[in-house]
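Everything on this sheet refers to the single structure shown next.
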Number of protein chains: 2
Amino acid sequence: MKYSGQIRTLVAVDCIILGFDGEEYKLLLIQRGFAPEKKKWSLMGGFIQPTETLEEAAIRILKQLTGLENVYMEQLHTFSDPNRDPVERTIAVAYFALVDIQKYEKQISKEFHAEWFSLKDTPELIFDHNQMIEMAKNRLRYKAAFHPILFELLPDKFTLPQLQALYEGLYDTLFDRRNFSRKLLSTGLFIKQKEKEKETSKKGAFYYKLDQDRYLSDFQAFLKFIPNPDKLMYQEA
Amino acid sequence: MKYSGQIRTLVAVDCIILGFDGEEYKLLLIQRGFAPEKKKWSLMGGFIQPTETLEEAAIRILKQLTGLENVYMEQLHTFSDPNRDPVERTIAVAYFALVDIQKYEKQISKEFHAEWFSLKDTPELIFDHNQMIEMAKNRLRYKAAFHPILFELLPDKFTLPQLQALYEGLYDTLFDRRNFSRKLLSTGLFIKQKEKEKETSKKGAFYYKLDQDRYLSDFQAFLKFIPNPDKLMYQEA
DNA sequence: TAATAAAATGTAATATTGACACAATTATAA
DNA sequence: TTATAATTGTGTCAATATTACATTTTATTA
């Protein structure tokens, strides 16, 4: 301790882990195993360790809970209300992660009493975790309107109707099927497969895959995935 | 200290203070008065205090250096490399502020040896401060493409040519005067004044003011201030 | 083989954008 | 006094993108 006269604070990382089950958005929560607020639902989190960065901590915590690595994750915001944790002042850095819900390893959930909740029906959480989730939702809405980020939630192969459900679910609205597919396909990000998905409809819908090269090179490009984005996005909390 | 077995860390706030002098973007830096890296240029910063939030700390630090309050400021990112500060591990939360450079109170700068630098010609700074500035530039480029944020840099009254210089400076490019003014004016954000600014040109250019009501209500609206935004924005560091 | 359900493709009207030209204003010089 | 020059303000048209809406295709099953 060489900067004298300054306080030192606990720094925690909290992970907002989002998935999509084909119908609706899901949020992975754990039942807190220790006081305070034991048994209450909470985001998965942990304290930063001496030799790791925040990002490394977030990756560590995500892996602990889901078994997943190489997952899309970004820093969301740092929360600092002096009384946000009643036990002791803790600065919390929130990260949000987008995972393919099917890759999630269930056996791990037992250790933490984890469960997927509908994002629309999030329970009351400890501390400021509900606020974090609100912010993550807004960030995702914003980013997904212009960048091909939602594909992190889908398996390798997906159909146009699945894609549309993904976008409609996020913005809680309906898009015109014809205009939607034209807009999406015009990005050139998708490669049509020869097989069809035939579980959900008689005719079956062609599978598509992401063109990985284009996906990487165009991730920052400014695409427009939805019409009238300003009417569908909300201010960050 | 009630969460046992966890380390506590210093938490600092660093402020990226940006201005525009009519010609180019400026960055307010201080000459560090204490070790390490004494005399080297640095962002203005400070440690968070026990009873304040990060945002309050940022506001406090900004006021200390500039005398300004009610300034546009947003949290940028939290930096956490364990070795970013060689003296002691410090987590740094960067904020960026947009100020009207004319309102800045010069007498204050003497205390901190502060100076405005051209953003294009930023000197080498301590720690990871150059990286913070890169990220702030990218964030500003991104946000300004769609939200009326740059007006925080201008005085109450401004002309269309000034406005265009503001945007051209940020994106380091030239826009067609006619298309630019059409796009900007079509947002309905501006109220034409009767007076002209006659310093810089023979003919003089009409002043405009922001329609404050619309500005507040449309701040989150999704406008498009520049053509081909994707060609002008860069990935965040 | 006809009916049905869902996916895929097509088209015309409208709105937005981008490229470009010309007119208006006024200090300064001829 | 008038011409010049520099800069601001406004206008037009073609190309492009978007929206709203209809029809055709595919495969199942009655």
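Values below: every heavy atom of this structure, side chains too, minus hydrogens, waters and symmetry copies. Order of the sequence lines sets the chain letters (A, B, ...), proteins ahead of strands, with each chain counted from 1. For clarity, every value in this text was computed on a predicted model and none was experimentally measured.
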Figure out the [atom1]/[atom2] separation between [X] and [N], and round it to whole Å.
X	N	atom1	atom2	result
A:Gln164	C:dA6	CD	P	14 Å
B:Leu185	D:dG11	CG	C1'	14 Å
A:Phe206	C:dA6	CZ	P	18 Å
A:Glu199	C:dA7	CD	P	14 Å
A:Leu184	C:dA7	CG	P	15 Å
A:Phe175	C:dA8	CZ	C1'	20 Å
B:Glu195	D:dT8	CD	P	17 Å

Is it the case that the ring center of [Y] lies less than 6.0 angstrom away from the ring center of [X]?
X	Y	value
B:Tyr72	B:His147	no
A:Phe180	A:Tyr167	yes
A:Phe151	A:Phe190	yes

> Which pair of heavy atoms, one from A:Gln193 and one from A:Ile191, lies closest together, and at what distance?
Replying inline: OE1-O, 3.1 Å

>> Which residues pass the salt bridge (charged side-chain N to carboxylate O under 4.0 Å, His left out) test with A:Lys63, not counting sequence neighbours?
In response: A:Glu69

> Where along nucleotides 18-27 of chain D does protein come under 4.0 Å, by heavy atom, of base (B) or sugar-phosphate alone (S), with - for untouched nucleotides?
Replying inline: SBBBB--BBS

>> Is the shortest side-chain heavy-atom distance between A:Leu154 and A:Leu210 below 4.5 Å?
In response: no

>> Do B:Trp41 and B:Ile126 make a side-chain contact, defined as non-hydrogen atoms from C-beta onward lying under 4.5 Å apart?
In response: no

> Around B:Gln212, counting heavy atoms of other residues, nucleotides and ligands shown, do more than 12 lie under 6.0 Å from its CD?
Replying inline: yes

> Could you give the angle between the helix axes at the two ends of the helix from C:dT1-D:dA30 to C:dA30-D:dT1, with five pairs per end, rounded to 10 degrees?
Replying inline: 20°

